[in-house]
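To start, the structure under review is shown below, and the notes come after it.
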Number of protein chains: 2
Amino acid sequence: MKHVTIRALAKELNLSVSTISKALRDSYEISEDTKKRVLALAERLNYMPNPYASSLRGRRSKIIGVVIPEVADSFFSLAINGIESVVKEQGYHVLISLTHERLANEQSILHEFQGGRVDGVLMSVSRETVSGRHIRDLMEKEVPVVFFDRALDEVETDKVVTNDFESGYAATQHLISRGCKQIAYLTISENLSIATRRMEGYLKALADHQLRSSGKNIVQCGTDAAFNYKQVKKLLQRKKRPDGIVASVEKLATPVYQACQELSLSIPGDVKVICFSNLEIATILQPSLTTITQPAFEIGKTAATVLLRALDKKRGKPAQQQVIIPSELIARESSG
Amino acid sequence: MKHVTIRALAKELNLSVSTISKALRDSYEISEDTKKRVLALAERLNYMPNPYASSLRGRRSKIIGVVIPEVADSFFSLAINGIESVVKEQGYHVLISLTHERLANEQSILHEFQGGRVDGVLMSVSRETVSGRHIRDLMEKEVPVVFFDRALDEVETDKVVTNDFESGYAATQHLISRGCKQIAYLTISENLSIATRRMEGYLKALADHQLRSSGKNIVQCGTDAAFNYKQVKKLLQRKKRPDGIVASVEKLATPVYQACQELSLSIPGDVKVICFSNLEIATILQPSLTTITQPAFEIGKTAATVLLRALDKKRGKPAQQQVIIPSELIARESSG
DNA sequence: CTGAAAGCGCTAACAG
DNA sequence: CTGTTAGCGCTTTCAG
């Protein structure tokens with residue numbers, strides 16, 4: 001048995017294709033009796049409509065594009081779960097496209113989407129993304145775009161983010177309240193808005209507590225694990241070693257713990273540590289890791305909801321909104 | 001500017017749609033000059049073909065369905081990366097569908113795919129999947145399916161897996177070689193082939209070393225974290241407490257470490273631990289965790305390659321193959 | 001209540 | 001080398 005089409009059903013029942021089509025969509029113009037027969041046959045032959053034929057007709061593919069830097073990251077994994085959970089309720093599917101933090105990839109993905117592959121896009125911009133040209137190009141083709149987590153300020157559209165500034169502030173204040181005087185900050189990007197906002201929170205907290213901030217205490221990390229390890233180790237080998245570290249992204253927890261172990265520094269005795277992270281495993285680290293935990297699942301869910309709403313209204317151009325879902329500071333042993 | 005179609009280009013250049021179409025696909029029947037003009041205009045108007053129109057025509061959507069239990073799992077995240085890396089080279093896209101370990105979800109997803117939404121499927125079956133009826137139904141519609149990691153023996157198609165039996169054996173033998181006499185085994189499913197194979201390896205290793213195996217040492221865990229924790233704790237509170245634990249899936253590492261801490265048991269002093277896991281973070285656990293690490297990225301890559309090949313030959317019905325990519329035992333402190 | 005026919009955007013015979 | 005035409009499978013007027 002190959003492809004069962006609407007036409008096959010029609011022939012079998014001696015009806016026209018349009019009658020079948022209507023019956024399947026439960027149109028009021030079709031008699032109950034015919035509907036029954038059509039449905040029964042469809043069931044029996046295991047009929048499934050070809051979604052692309054419908055798409056072509058109705059210009060909606062029922063596919064949502066999710067454009068993110070990586071999947072192998074607990075934040076994005078959880079966010080995808082959230083997205084999927086709401087989207088599938090409405091019969092939508094999730095198409096994942098990875099940018100690997102490269103603007104060029106992001107551009108070519110969105111460019112391809114201009115052909116109509118997806119009905120809408122949920123995205124977190126790459127680390128390299130500073131201009132929103134490619135994003136606006138897509139939006140001009142009437143494909144709604146909703147940012148989640150990593151938004152680009154410059155593009156006027158819906159955004160679902162967390163309170164990065166406040167979180168950076170809270171993380172820093174937390175370490176200060178535990179007695180830290182020399183707090184280092186590990187970051188991974190200079191132009192990512194969420195990164196700068198977190199850092200601004202850090203700087204503001206220092207200022208509010210009369211602590212001097214120094215450029216030397218802000219350490220640039222990257223995507224390469226070995227490089228990051230070296231950077232952190234160098235930081236901890238300084239004469240004036242920091243007594244607190246704010247790690248602004250999850251993957252930086254590993255080098256910090258490794259370097260401390262390597263250098264026989266005690267956490268939290270010698271250095272107190274707090275990290276932005278969604279890792280469940282934070283609790284079983286030794287010492288357990290104090291985290292700023294983002295509501296990843298919630299962010300995904302909300303972003304998807306906002307997008308579906310936009311798809312619903314469509315031309316209605318509802319005022320873009322910015323939803324902020326706060327992160328949570330979970331104090332554990334590493335900030336002792 | 002709305003949708004730029006091939007027709008718009010044709011009108012603009014006073015050419016026919018077929019000429020445009022051919023020019024865009026670089027057909028030999030079109031003069032270099034026209035090609036140039038067409039390409040230039042396409043570029044200028046930011047033309048992108050509607051993929052669904054092509055799909056309808058050529059019955060290939062250029063979309064690969066990836067059907068898995070969860071994304072929030074380092075194995076699957078890494079596998080997706082692998083899949084994406086090879087698939088995008090050939091212009092394919094990745095549609096993710098999650099079963100959440102429920103057979104019912106898996107069935108409805110595959111059923112929907114019968115409509116032709118995807119050109120091929122890469123899947124890891126859910127924990128509940130024992131029969132392959134829904135999978136065969138899809139394959140009969142000429143949609144090739146390749147299993148990766150969690151295959152269903154009963155279905156005759158390509159499979160890309162790791163050496164589960166040998167890994168279970170190696171894990172157990174490793175603990176035995178470190179002096180364990182009472183080795184418990186934590187599992188999460190009774191019918192998943194990979195789970196039973198790992199367990200068979202465990203049992204065989206015990207037998208080969210003249211150690212008695214006892215049903216009591218095999219602990220069933222589930223999806224609920226709290227439940228798993230309780231199970232593990234109970235295990236460790238027994239009179240005859242095990243001196244070694246083989247945790248057959250990643251998520252069981254957390255309860256083991258937590259319970260040991262709670263009960264003040266030393267790893268590896270009181271209990272030695274080995275876990276099937278891909279977590280990078282295994283190295284910074286205290287003690288660092290000995291793991292059986294699956295080649296997740298490789299498995300994804302290979303499975304995708306096999307699928308693309310199947311899509312290429314199509315009707316060729318190449319003999320199904322089973323590719324086995326071995327896992328690696330990485331000894332760390334927890335098995336001291 | 002049912003059917004005929006047009007057409008979504010693109011491709012591929014087949015003619016010119 | 002370029003154009004005409006006939007669909008892919010489905011939805012949707014518009015007639016019967």
Side-chain angles (χ1 to χ4, degrees), chain A residues 2-39 41-42 45-62 91 112-119 141-142, chain B residues 2-39 41-42 45-63 91 112-119 141-143:
Chain A
K2 261 300 289 296
H3 252 120
V4 184
T5 76
I6 219 172
R7 180 131 64 221
L9 301 185
K11 197 152 45 176
E12 183 80 13
L13 293 176
N14 271 316
L15 287 171
S16 75
V17 289
S18 56
T19 305
I20 304 288
S21 174
K22 285 173 192 157
L24 289 171
R25 337 195 82 238
D26 201 28
S27 160
Y28 67 97
E29 355 176 39
I30 303 296
S31 76
E32 280 308 318
D33 185 54
T34 343
K35 277 185 195 167
K36 284 244 167 49
R37 288 172 50 219
V38 172
L39 255 31
L41 182 67
L45 296 189
N46 222 333
Y47 168 79
M48 260 290 132
N50 178 322
Y52 300 122
S54 326
S55 298
L56 191 53
R57 196 77 243 283
R59 44 179 87 286
R60 59 197 209 319
S61 62
K62 286 291 201 172
E112 225 241 67
F113 284 178
Q114 288 192 40
R117 167 121 12 230
V118 300
D119 292 349
K141 292 276 169 79
E142 316 255 318
Chain B
K2 259 301 286 300
H3 251 120
V4 185
T5 76
I6 219 173
R7 180 129 66 221
L9 301 186
K11 197 152 46 176
E12 184 80 13
L13 293 177
N14 271 316
L15 288 170
S16 75
V17 289
S18 59
T19 305
I20 303 288
S21 175
K22 286 173 192 156
L24 290 172
R25 336 193 83 241
D26 199 27
S27 161
Y28 66 96
E29 347 179 43
I30 303 295
S31 75
E32 281 309 316
D33 186 54
T34 353
K35 277 185 194 167
K36 285 243 168 49
R37 287 172 51 221
V38 171
L39 255 31
L41 183 66
L45 296 190
N46 222 331
Y47 167 79
M48 261 289 132
N50 178 323
Y52 301 123
S54 327
S55 300
L56 191 53
R57 195 79 243 284
R59 44 179 86 286
R60 59 197 211 317
S61 62
K62 285 293 203 171
I63 294 186
E112 225 241 68
F113 283 178
Q114 288 193 39
R117 168 131 356 241
V118 299
D119 292 349
K141 293 276 170 77
E142 316 257 317
V143 178

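Keep in mind that what you see is a predicted model, and the values were worked out from it rather than measured. Hydrogens, waters and symmetry mates play no part in the numbers below; they use all other heavy atoms, side chains included. Chain letters run A, B, ... following the sequence lines, proteins first and then strands; every chain starts at 1.
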Atom-pair distance ([atom1] on [X]; [atom2] on [N]), nearest Å:
X: A:Lys11; N: C:dG3; atom1: NZ; atom2: P; answer: 15 Å
X: B:Tyr52; N: D:dT11; atom1: OH; atom2: P; answer: 16 Å
X: B:Asn50; N: D:dC8; atom1: CG; atom2: P; answer: 18 Å
X: B:Leu13; N: D:dT2; atom1: CG; atom2: P; answer: 11 Å
X: A:Ile6; N: C:dG7; atom1: CD1; atom2: P; answer: 19 Å
X: B:Glu32; N: D:dT2; atom1: CD; atom2: C1'; answer: 15 Å
X: A:Leu9; N: D:dT11; atom1: CG; atom2: C1'; answer: 15 Å
X: B:Arg60; N: C:dC10; atom1: CZ; atom2: C1'; answer: 11 Å

Please pick, from [options], the nucleotide with the shortest atom-to-atom distance to any side-chain atom of [X].
X: B:Ser54; options: D:dT12, C:dT2, C:dC10; answer: C:dC10
X: A:Tyr47; options: D:dC10, C:dG9, C:dC10; answer: D:dC10
X: A:Glu29; options: C:dT2, D:dT12, C:dC10; answer: C:dT2

If you take all heavy atoms of [X] and [Y], which pair is closest and at what distance?
X: B:Gly115; Y: A:Pro51; result: O-CD, 3.4 Å
X: A:Leu24; Y: A:Leu9; result: CD1-CD1, 4.5 Å
X: A:Leu39; Y: A:Ala23; result: CD1-O, 4.4 Å
X: A:Ala10; Y: A:Val17; result: CB-N, 3.8 Å
X: A:Lys141; Y: B:Leu45; result: NZ-O, 4.5 Å
X: A:Arg37; Y: A:Leu13; result: NH2-O, 3.6 Å

Are A:Asp26 and A:Lys35 ion-paired here, with the side-chain N under 4.0 Å from a carboxylate O? yes
Between A:Thr5 and B:Ser31, who's closer to the 5' end of DNA chain D by nearest nucleotide?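 So the residue in question is B:Ser31.
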Below the 4.0 Å mark, does D:dA6 have OP1 or OP2 next to a side-chain nitrogen or oxygen of B:Arg57? no
When you compare the side chain of B:Val143 with that of B:Gln114, does any pair of heavy atoms fall below 4.5 Å?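 Side chain of B:Gln114 against side chain of B:Val143, heavy atoms only: no contact under 4.5 Å found.
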Does A:Tyr52 reach the side chain of B:Ile63, with side-chain heavy atoms less than 4.5 Å apart? yes
Expected output is a numbered-order residue list: members of residues 16-25 of chain A with a heavy atom under 4.0 Å from any atom of DNA chain D. What is it? A:Ser18, A:Ser21, A:Lys22, A:Arg25
Angle between the two end axes of the helix from C:dC1-D:dG16 to C:dG16-D:dC1, five base pairs per end, rounded to 10 degrees? 50°
Just call it for B:Asp33: base, sugar-phosphate, or nothing, with non-hydrogen atoms closer than 4.0 Å on any strand.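 The answer is nothing, as B:Asp33 stays clear of every strand by at least 4.0 Å.
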Tell me what B:Ser55 touches on the nucleic acid: a base, only sugar-phosphate, or nothing, going by heavy atoms under 4.0 Å. nothing
Listed by chain and number, what are the ring-ring contact (aromatic ring centres under 6.0 Å, His included) partners of A:Phe113, not counting sequence neighbours? none
